[in-house]
**Student:** 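Can you read through this structure? Questions will come right after.
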Amino acid sequence: MRSSLGPINLIMQLRKHGIHDMRVLRAMELTARDKFVDAAFLDQAYDDNALPIACGQTISQPYIVAFMTQQLGVERDDTVLEVGTGSGYQSAILSHLCKQLYSIERFRELQMAASATLNNLGIANVTTIIGDGWLGWPPNAPYDRIIVTAAAPELPAALLAQLKVGGRMVLPLGKTRETQLIVQIDKTDKGLEQEQLIPVRFVPLVKGRVKRR
Ligand code: SAH
């Protein structure tokens with residue numbers, strides 16, 4: 001029989017692997033991942049792996065969610081943009097750390113399911129949107145923080161434009177699955193500061209092609 005980590009073991013595992021921000025660990029603890037995975041994978045909900053969700057997409061690996069969230073350095077009063085809502089798992093974690101989250105997804109089916117899951121959990125500071133996240137979400141810009149949870153082949157100019165000076169964006173960047181890296185970008189009054197962090201494998205950020213039905 002395969003062993004499942006369970007919620008408490010997962011948190012211990014994250015701490016062992018360098019997730020030290022207590023607010024992030026608490027947000028991970030508050031977020032029941034079993035509410036976001038497909039029924040077929042319930043027994044693996046607390047394993048530290050990505051899992052398939054509808055529309056050929058994935059719910060990210062908990063360690064990578066925790067790592068990117070820690071790196072983002074969200075503050076309580078922040079307005080945050082997430083590109084790639086997927087299951088809504090990352091959105092739920094961010095909801096515990098920021099004032100308001102806007103999360104944009106290109107598949108209507110995923111946006112609707114994520115919105116229902118977040119509502120059922122009583123999470124009220126997340127607005128989900130159907131659209132092309134490559135273009136960001138201008139109506140509520142500029143953002144204190146932007147997180148992208150699909151791999152961009154190059155830096156999305158619209159997202160940089162919608163980031164506040166003093167703000168930070170964290171995203172997987174790379175043209176192929178083999179070359180993706182998590183990159184952190186700080187927008188300062190002197191320009192952009194870029195730091196390459198860890199190798200990852202995300203589904204691609206697809207330009208244009210929004211699936212409204
Ligand atoms: N944060 C999610 C991860 C989902 S995988 C979670 O915790 O479950 C990445 C998601 O990005 C997919 O759902 C995919 O449909 C979406 N995506 C890809 N390109 C996009 C785009 N241009 N605009 C909005 N969403 C996009």
Side-chain angles (χ1 to χ4, degrees), residues 10 14 24 27-28 30-38 41 44-72 74 80-98 101-118 121 123 126-140 143 145-159 162 169-175 177 180 182 200-213:
L10 177 60
L14 294 174
V24 173
M28 299 287 296
L30 285 171
T31 306
R33 194 166 181 256
D34 54 289
K35 300 288 190 293
F36 297 88
V37 303
D38 278 7
F41 298 101
Q44 298 173 52
Y46 293 95
D47 288 359
D48 193 17
N49 291 320
L51 292 168
I53 56 174
C55 306
Q57 306 302 311
T58 52
I59 175 171
S60 306
Q61 179 189 344
Y63 171 72
I64 300 297
V65 171
F67 180 86
M68 289 178 77
T69 306
Q70 178 167 279
Q71 214 62 43
L72 200 59
V74 181
V80 182
L81 176 68
E82 176 188 24
V83 175
T85 315
S87 68
Y89 177 60
Q90 171 79 76
S91 322
I93 287 159
L94 289 168
S95 78
H96 296 298
L97 299 169
C98 71
L101 175 71
Y102 296 93
S103 184
I104 184 160
E105 168 57 53
R106 66 183 277 263
F107 283 103
R108 180 181 173 81
E109 182 182 339
L110 292 176
Q111 180 267 335
M112 285 177 62
S115 171
T117 307
L118 294 166
L121 292 174
I123 292 173
V126 178
T127 304
T128 60
I129 299 149
I130 306 169
D132 180 9
W134 181 260
L135 303 175
W137 183 246
N140 301 99
Y143 301 98
R145 300 284 186 267
I146 299 179
I147 184 169
V148 184
T149 65
E154 71 229 17
L155 275 182
L159 296 183
Q162 289 168 35
M169 172 154 77
V170 174
L171 79 167
L173 197 60
K175 289 195 193 330
R177 274 176 73 81
Q180 294 175 18
I182 295 292
V200 282
R201 280 164 186 257
F202 273 85
V203 297
L205 182 70
V206 179
K207 295 185 202 177
R209 321 240 306 280
V210 175
K211 303 281 188 190
R212 291 188 189 275
R213 47 174 75 230

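Start at 1 and go down the list; that is how both ligands and their atoms are numbered. This is a predicted model, so every value here is computed, not measured. In what follows, every heavy atom counts, from backbone to side chain, and hydrogens, waters and symmetry copies are set aside.
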**Student:** For Phe202 and Ile64, what are the C-alpha separation, side-chain angles and deciding distance, and is it a side-chain contact (heavy atoms from CB on, under 4.5 Å)?
**Tutor:** CA-CA 10 Å; Phe202 273 85; Ile64 300 297; 3.6 Å; yes
**Student:** I want to know if ligand 1 touches Gly84 in the polar sense, i.e. an N/O pair below 3.5 angstrom.
**Tutor:**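 Checking ligand 1 against Gly84, an N or O pair does fall under 3.5 Å apart.
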**Student:** Of all the atoms in ligand 1, which lie at a distance below 4.0 Å from a heavy atom belonging to Ser87?
**Tutor:**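 Heavy-atom distances to Ser87 below 4.0 Å select 6 (C), 7 (O), 8 (O).
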**Student:** Decide side-chain contact (heavy atoms from CB on, under 4.5 Å) for Ile182 and Gln71; before the verdict, give the C-alpha distance in whole Å, the side-chain angles of both, and the deciding distance to 0.1 Å.
**Tutor:** CA-CA 10 Å; Ile182 295 292; Gln71 214 62 43; 5.7 Å; no
**Student:** What atoms of ligand 1 come closer than 4.0 angstrom to any heavy atom of Val203?
**Tutor:**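 Listed by number with element, the hits are 5 (S), 9 (C).
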**Student:** For Trp134, I'd like to know if atom CH2 has over 12 heavy atoms of other residues, nucleotides or ligands within 6.0 Å.
**Tutor:**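 Counting other residues, nucleotides and ligands, CH2 of Trp134 exceeds 12 neighbours.
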**Student:** Quick test: of every protein heavy atom, which one is nearest to atom 23 (N) of ligand 1, and how far off is it to 0.1 Å?
**Tutor:**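 The answer is Gly133 N, 2.8 Å.
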**Student:** Within 45° of the six-membered ring axis of Tyr46 and under 6.0 Å from that ring's centre, is NZ or CZ of Arg33 located there?
**Tutor:**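 Pair Arg33/Tyr46 does not count as cation-pi.
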**Student:** Output the distance between atom OG1 (Thr128) and atom CD (Glu82), rounded to the nearest 0.5 Å.
**Tutor:**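 One gets 10.5 Å once the value is rounded to the nearest 0.5 Å.
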**Student:** Taking both backbone and side-chain atoms of Ile59, is any N or O found less than 3.5 Å from an N or O belonging to ligand 1?
**Tutor:**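 Min N/O separation from ligand 1 is not below 3.5 Å for Ile59.
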**Student:** Only heavy atoms count here, so choose which of Glu82, Gln90, Glu105 is nearest to atom 15 (O) of ligand 1.
**Tutor:**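 Minimum heavy-atom distance to atom 15 (O) of ligand 1 goes to Glu105.
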**Student:** Which distance, rounded to the nearest 0.5 Å, do you find between the CD1 of Ile147 and the CE of Met68?
**Tutor:**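 Atom-to-atom, Ile147:CD1 and Met68:CE are 4.5 Å apart.
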**Student:** In sequence, state the C-alpha distance, the side-chain angles, and the governing distance for Tyr89 and Met28, and then conclude on side-chain contact (heavy atoms from CB on, under 4.5 Å).
**Tutor:** CA-CA 10 Å; Tyr89 177 60; Met28 299 287 296; 3.4 Å; yes
**Student:** Within a distance under 4.0 Å of any heavy atom of Ser60, pick out the atoms of ligand 1 and give their elements.
**Tutor:**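 Heavy-atom distances to Ser60 below 4.0 Å select 3 (C).
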**Student:** Just heavy atoms, cut-off under 4.0 Å: does Ile104 contact ligand 1 by side chain, backbone, both, or neither?
**Tutor:**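 It is the backbone that touches ligand 1; the side chain stays farther off.
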**Student:** Which atoms form the tightest heavy-atom contact between Glu109 and Cys55, and what is the distance?
**Tutor:**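 That closest heavy-atom pairing would be OE1-SG, 3.7 Å.
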**Student:** Give the numbers and elements of all ligand 1 atoms closer than 4.0 Å to a heavy atom of Thr58.
**Tutor:**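 Those of ligand 1 that fall under 4.0 Å from Thr58 are 3 (C), 4 (C), 5 (S), 8 (O).
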**Student:** Does even one non-hydrogen atom of Pro204 get within less than 4.0 Å of ligand 1?
**Tutor:**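 Yes.
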**Student:** So, 4.0 Å and heavy atoms of Gly131: is ligand 1 close enough to count as a contact?
**Tutor:**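 A heavy atom of Gly131 does come that close to ligand 1.
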**Student:** Using a 4.0 Å cutoff against the non-hydrogen atoms of Tyr89, which atoms of ligand 1 qualify?
**Tutor:**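 By the 4.0 Å cutoff, the relevant atoms are 7 (O).
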**Student:** Just to be sure I read this right, does ligand 1 sit under 4.0 Å from the backbone of Thr85, its side chain, both, or neither, counting only heavy atoms?
**Tutor:**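 For Thr85, the contact with ligand 1 is made by the backbone alone.
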**Student:** Quick test of your reading of the structure: of Gln111, Arg106, Lys207, whose heavy atom lies closest to atom 24 (C) of ligand 1?
**Tutor:**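 The residue whose heavy atom sits nearest atom 24 (C) of ligand 1 is Arg106.
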**Student:** Among all protein heavy atoms in this structure, tell me which lies nearest to atom 14 (C) of ligand 1, with the distance rounded to 0.1 Å.
**Tutor:**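 Sorting protein heavy atoms by distance from atom 14 (C) of ligand 1 puts Gln57 OE1, 3.3 Å first.
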**Student:** Which atoms of ligand 1 are found less than 4.0 Å from any heavy atom of Thr149?
**Tutor:**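 That gives atoms 1 (N), 2 (C), 3 (C), 5 (S), 9 (C) of ligand 1.
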**Student:** Answer whether the closest heavy-atom distance between the side chains of Phe36 and Thr31 falls below 4.5 Å.
**Tutor:**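 Sidechains of Thr31 and Phe36: in contact.
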**Student:** Around atom 19 (N) of ligand 1, find the nearest protein heavy atom and jot down its residue, atom name and distance.
**Tutor:**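 Minimum-distance protein heavy atom for atom 19 (N) of ligand 1 reads Val206 N, 2.9 Å.
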**Student:** When rounded to the nearest 0.5 angstrom, what distance separates CD1 in Ile129 from CG in Asn140?
**Tutor:**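 Result: 6.5 Å between the selected atoms.
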**Student:** If you round to the nearest 0.5 Å, how far is CG of Leu159 from CG of Leu171?
**Tutor:**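 Rounded to the nearest 0.5 Å, the CG-CG separation comes out at 8.0 Å.
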**Student:** Should you measure from each heavy atom of Phe107, which atoms of ligand 1 turn up under 4.0 Å away?
**Tutor:**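 Going through ligand 1 atom by atom, the ones under 4.0 Å from Phe107 are 15 (O).
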**Student:** If you measure every N or O of Leu110 against every N or O of ligand 1, does any of those distances drop under 3.5 Å?
**Tutor:**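 No.
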**Student:** Show your reasoning for whether side-chain contact (heavy atoms from CB on, under 4.5 Å) applies to Lys211 and Arg106.
**Tutor:** CA-CA 6 Å; Lys211 303 281 188 190; Arg106 66 183 277 263; 3.8 Å; yes
